[in-house]
Amino acid sequence: QVQLVESGGGLVQPGGSLRLSCAASGRIFNIIAMGWYRQAPGKQRELVATITSSSNTNYADSVNGRFTISRDNAKNTVALQMNSLKPEDTAIYYCNAWIGTGNLGQLLSQYWGQGTQVTVSS
């Protein structure tokens, strides 16, 4: 069984910074990619940033240049450094990972964390 556990959300003023972290645990053979998605009230869940095992990154246009995604392959963790936060960044942020399980990692599944609230407000 695989779990993703997020931490680091909270309330911050516009222009401030927050760092989100996510740790994957369980019977993991390998992690293909990790990322962050967010969902604001009344809106669909959207991609924020992703990173592969070889550290190739992809960002939503709305956060490019302000957010930085990073991962530690040895620890099965991913982080999202969020700078210059705006009120429109307010959302529940979800950690996401494509993880291979089984003896040879042949079972590839997508996993989600429980979500962490980020609120940007003065």
Within a reach of under 6.0 Å around CD of Gln44, are more than 12 heavy atoms found that belong to other residues, nucleotides or ligands? no

To the nearest 0.5 Å, how far apart are CZ in Arg45 and CH2 in Trp112? 5.0 Å

Heavy atoms, side chains only, cut-off 4.5 Å: are Asn96 and Gln110 in contact? yes

Count the heavy atoms of every other residue, nucleotide or ligand shown that sit under 6.0 Å from CD of Gln3, and state whether that count exceeds 12. no

Linked, directly or transitively: Val12 and Phe67 (ILVMFWY side chains, under 4.5 Å): yes

Does some side-chain heavy atom of Ile28 sit less than 4.5 Å from a side-chain heavy atom of Val2? yes

Distance-only, no hydrogens or angles: does the Arg71 side chain make a donor-acceptor pair with backbone N or O of Ser55 under 3.5 Å? no

Within a strict 4.5 Å, meaning less than it, do heavy atoms of the Tyr37 and Leu47 side chains meet? yes

Measuring from Gln13:CD to Leu11:CG, what's the distance to the nearest 0.5 Å? 8.0 Å

I want to check something: taking the side chain as every heavy atom from C-beta on, are Cys95 and Trp36 in contact at a cut-off of under 4.5 Å? yes

I want to check something: taking the side chain as every heavy atom from C-beta on, are Met82 and Asp89 in contact at a cut-off of under 4.5 Å? no

Do you know which two heavy atoms are closest between Ser84 and Arg66, and how far apart they sit? O-NH1, 2.9 Å

Would you call Thr68 and Tyr59 a side-chain contact if the rule is heavy atoms closer than 4.5 Å? yes

Any donor-acceptor pair under 3.5 Å from Gln117 side chain to Gly9 backbone: no

Gln106 side-chain N/O to Leu104 backbone N/O, donor-acceptor pair under 3.5 Å: yes

Gap between atom OG of Ser25 and atom NZ of Lys75 - 0.5 Å precision: 15.0 Å

With Leu80 as partner, the option from Val63, Ile69, Leu18 fulfilling side-chain contact (heavy atoms from CB on, under 4.5 Å) is Ile69

Quick one: does Asn73's side chain have a donor or acceptor within less than 3.5 Å of a partner on Ser53's backbone? yes

In terms of heavy-atom contacts, Ile92 and Gly115 come closest through CG2-CA, 3.8 Å

Using 0.5 Å steps for rounding, measure from the CE atom of Met34 to the CG atom of Asp72. 10.0 Å

Of Thr116, Val78, Val48, the residue whose pairing with Leu20 passes side-chain contact (heavy atoms from CB on, under 4.5 Å): Thr116

Closest non-hydrogen atom pair, Asn103 against Phe29: O-CE1, 3.3 Å

Linking I/L/V/M/F/W/Y whenever their side-chain heavy atoms sit closer than 4.5 Å, directly or via other members, would Ile31 and Tyr94 fall into one cluster? no

Does any part of the side chain of Tyr93, heavy atoms only, come nearer than 4.5 Å to the side chain of Glu6, both counted from C-beta? no

Given side chains that start at C-beta, do those of Tyr111 and Thr101 come closer than 4.5 Å, heavy atoms only? yes

Rounded distance [0.5 Å steps], CD1 in Ile32 versus OG1 in Thr50: 13.0 Å

Side chains of Ser121 and Thr119: do they bring a donor and an acceptor to under 3.5 Å? no

